[in-house]
Number of protein chains: 2
Amino acid sequence: MRPTTKDLAKAAGVSLATVDRVLNGRPGVREKTVKAVNEAIERIGFVRNLSAANLARGRRYRFQFLLPEAGDDFLTTLVERIEESRAAFLSESLEISMRRVLSNDPHITAKALARVLPAQVDGVAIMAPESPQVRDATTRLKQRGVEVVQFITGQPGLRPLDFVGVDNNSAGATAGRLMGRFLGERKGKILVVSETMNSLDSVERRLGFDTVLTADFPNLSALPSLETYGDRTRTEKVIANSYANHPDIIGAYLMNSEARQPLEALCHTSDPMQQVIIAHERTGYTEDKLRVGALDAVIAQNPGHLVRSAIRVLKARTEGREPLASQERIRIEIYIKENLGQL
Amino acid sequence: MRPTTKDLAKAAGVSLATVDRVLNGRPGVREKTVKAVNEAIERIGFVRNLSAANLARGRRYRFQFLLPEAGDDFLTTLVERIEESRAAFLSESLEISMRRVLSNDPHITAKALARVLPAQVDGVAIMAPESPQVRDATTRLKQRGVEVVQFITGQPGLRPLDFVGVDNNSAGATAGRLMGRFLGERKGKILVVSETMNSLDSVERRLGFDTVLTADFPNLSALPSLETYGDRTRTEKVIANSYANHPDIIGAYLMNSEARQPLEALCHTSDPMQQVIIAHERTGYTEDKLRVGALDAVIAQNPGHLVRSAIRVLKARTEGREPLASQERIRIEIYIKENLGQL
DNA sequence: ACCTTGATGAGGTACGTGCCTCAGAATTCG
DNA sequence: CGAATTCTGAGGCACGTACCTCATCAAGGT
């Protein structure tokens with residue numbers, strides 16, 4: 001039988017009340033007594049029963065994901081994972097909700113953040129590009145007692161705010177390395193397509209990509225980033241232009257999570273099989289394109305991990321704990337045709 | 001407030017006892033009543049509180065990992081993950097233990113399996129190569145009421161037994177594709193090193209590797225698999241021989257989870273930087289070698305995921321549930337220098 | 001010596017569910 | 001129709017912890 005608090009109290013020679021105070025870090029216990037209890041914990045191998053604790057506490061944490069309105073394939077799978085987590089975490093007394101209110105306009109985003117009430121939500125995971133307005137709104141939100149994590153997009157380490165997502169610099173570098181290795185000795189230009197270079201994520205990916213290319217692959221030169229602004233017509237136009245101006249393009253790096261539009265545009269003016277094309281995020285679309293060979297590699301972050309990690313971080317913060325940084329590091333995944341797995 | 005069983009009983013117009021019988025699929029309830037309760041569950045959105053249920057049930061499942069004695073780096077990190085899980089799952093009423101008793105001799109393995117007692121263990125995760133003896137011992141173990149999963153090594157889908165690990169055919173194919181792409185137009189031979197080709201895993205990896213190479217990279221030809229039998233001297237000898245006999249070796253595929261010995265042997269007789277070398281499993285050693293460029297890519301399976309997945313499967317089986325196959329699929333990870341992550 | 005304060009003990013209730021018993025109601029069978 | 005059988009309800013204890021109140025005791029200040 002596992003030792004309980006009662007056993008612990010007996011072993012430490014104190015009462016249940018004192019054990020409780022020590023375990024929950026409440027005041028009113030002498031330093032010496034605290035030490036005695038902790039020693040007893042070690043000695044008898046006491047392990048707190050979290051189920052019982054949560055049950056007794058009867059606390060319910062309510063966390064909310066704030067996502068952009070616009071929806072590419074990646075965002076769609078992200079939403080699915082959140083829905084799944086909602087069900088899974090319900091039995092752990094966590095109520096996960098989701099609101100798709102954020103837009104690219106920082107003012108609107110800030111307004112949405114201002115409407116988040118501490119009475120309704122204990123923590124939020126925000127997926128919105130960095131901007132002064134959003135930063136201020138976030139700070140005010142924290143002051144009102146709501147925990148906040150930056151989700152997928154944001155700047156890790158720069159602010160005293162948790163970040164859940166990949167290191168975009170490394171992600172870009174990974175893409176760069178694969179591009180270089182896959183192209184081998186071939187000489188030519190690399191097309192780089194982004195939705196916008198106004199977001200920190202894009203800048204970092206680009207930086208990582210360029211760093212590797214210039215350091216190790218002098219045979220390749222990356223063109224200036226094309227910005228699509230998420231507009232189909234514009235995408236078609238700028239990509240067609242690039243191929244017209246640079247007949248020696250031998251590869252393309254599609255930086256944003258929506259690969260469909262740029263890849264389709266690219267196919268309209270050139271042959272993807274003759275080039276090395278690397279995109280981001282694993283979706284049904286990118287899987288298909290990997291399988292048929294139109295894409296050569298996909299750099300991805302696992303949506304399920306992202307969601308669960310954000311929830312764990314929010315929970316830790318709400319309970320006043322420090323999240324386990326090592327466990328919450330999101331891996332940069334590489335997919336090629338062969339390791340997609342069945343189905 | 002979330003509805004409880006009490007609310008559910010009221011909503012369904014039955015007593016708590018009946019609700020309990022329906023929820024736990026116990027007999028003694030009319031079909032009509034069952035339906036009424038289920039409808040009420042839907043209607044009021046009842047979600048079972050697993051914490052409370054586990055607490056009340058007070059059940060403890062005891063699962064055991066049976067691992068080989070011999071210890072390469074991968075096995076070491078695996079052991080670490082099991083230790084971690086032990087602590088983490090304790091609060092979920094799961095007692096995880098570990099025994100390192102299995103050897104390469106199927107008779108000894110079978111004997112070890114025979115010594116597993118249902119009174120002491122509810123389920124075991126076995127990491128041992130396929131063999132008739134092991135198969136029989138496993139079958140008898142199941143008959144004695146102990147749940148069994150094949151762990152990392154084994155044959156997925158072939159037997160009515162759960163398997164937790166990667167699809168080795170795909171893993172080999174992944175290695176093959178990367179080898180081919182990294183080598184580009186270069187012509188030459190590929191060294192293939194395995195601990196032994198007697199295990200199904202090695203055979204499958206080799207098969208997947210060859211399939212890709214012959215289909216898509218006619219410029220490359222893979223040499224017959226070298227078997228090291230885990231012996232340092234032998235490893236040095238066979239590898240030196242190969243390089244002597246085949247001066248046109250331009251790449252190497254190190255198939256087993258212990259990359260150190262073959263890679264060191266390889267470095268003694270040739271320059272790893274002039275070749276494309278792909279190994280398996282992410283360990284401190286392979287990370288180092290990726291960073292310095294001696295390794296070009298590593299195909300890996302996540303030890304933490306493996307352990308947790310095996311535990312989840314065992315738990316599901318013990319409770320008479322079907323494990324969620326989709327969730328327990330282990331990904332084939334690809335690592336290069338850039339996506340190793342900090343640390 | 002009196003009062004305040006802090007450190008504990010003792011004991012209770014509550015959390016939501018599992019699981020048991022007992023009694024009564026409904027159904028089936030002879 | 002009565003007996004046997006099968007359902008169902010009521011109620012209670014248990015699980016391990018949180019959290020509350022009240023009482024006690026010692027140390028320190030005035």
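Scope of the values below: all heavy atoms of this structure, side chains included, with no hydrogens, waters or symmetry mates. In what follows, chains carry the letters A, B, and so on, assigned in the order in which the sequence lines appear, proteins first and then strands, with residues in each chain numbered from 1.
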Look at the side-chain N and O atoms of A:R30 and state whether any lies under 4.0 Å from the OP1 or OP2 oxygen of C:dT8.
-> yes
Would you say the side chain of B:I330 lies within less than 4.5 Å of the side chain of B:F163, judging by non-hydrogen atoms?
-> no
Find which nucleotide of DNA chain D each of B:S15 and A:A52 is nearest to by heavy atoms, and output the residue with the more 5' nucleotide.
-> B:S15
Outermost nucleotides of DNA chain D that come under 4.0 Å of a non-hydrogen atom of chain B | D:dC7 to D:dG16
Distance-minimising heavy-atom pair for A:T77 and A:P303 | OG1-CG, 4.0 Å
Take atom CG of B:L16 and atom P of C:dT17, then tell me their distance rounded to the nearest Å.
-> 9 Å
Look at all strands and tell whether A:A53 reaches a base, only sugar-phosphate, or nothing, counting heavy atoms closer than 4.0 Å.
-> sugar-phosphate
In whole angstroms, how far is the C1' atom of C:dG6 from the NZ atom of A:K32?
-> 14 Å
Between B:V14 and B:R57, who's closer to the 5' end of DNA chain D by nearest nucleotide?
-> B:V14
Using atom CG of B:D20 as one end and atom P of C:dT21 as the other, report the distance to the nearest whole Å.
-> 14 Å
Check: A:N24/A:R48 side-chain N/O donor and acceptor closer than 3.5 Å = yes
Distance in angstrom units between A:L55 CG and C:dG18 P, rounded = 12 Å
Could you please name the option among C:dG9, C:dT17, C:dC19 that lies closest to any side-chain atom of A:T18?
-> C:dG9
Contact under 4.0 Å: B:N49 side-chain N or O vs C:dC15 OP1/OP2 | no
Taking atom CZ of A:R86 as the centre, does the number of heavy atoms from other residues, nucleotides or ligands within less than 6.0 Å exceed 12?
-> no
From the candidates C:dT8, C:dG16, C:dT21, the one with an atom nearest any side-chain atom of B:R21 is C:dT21
From C:dT8, C:dG18, C:dA14, pick the nucleotide closest to the side chain of A:T33?
-> C:dT8
Between atom CZ in B:R26 and atom P in C:dG18, what is the gap in whole Å?
-> 7 Å
Nearest heavy-atom neighbours spanning B:F151 and B:L78 | CE2-CD2, 3.9 Å
Between B:E31 (CD) and C:dT27 (P), how many Å, whole number?
-> 15 Å
Nearest atoms (heavy-atom pairs only) where B:T138 meets B:I126 = OG1-CD1, 4.3 Å
Would A:Q301 and A:E333 count as having a side-chain donor-acceptor pair, cut-off 3.5 Å?
-> no
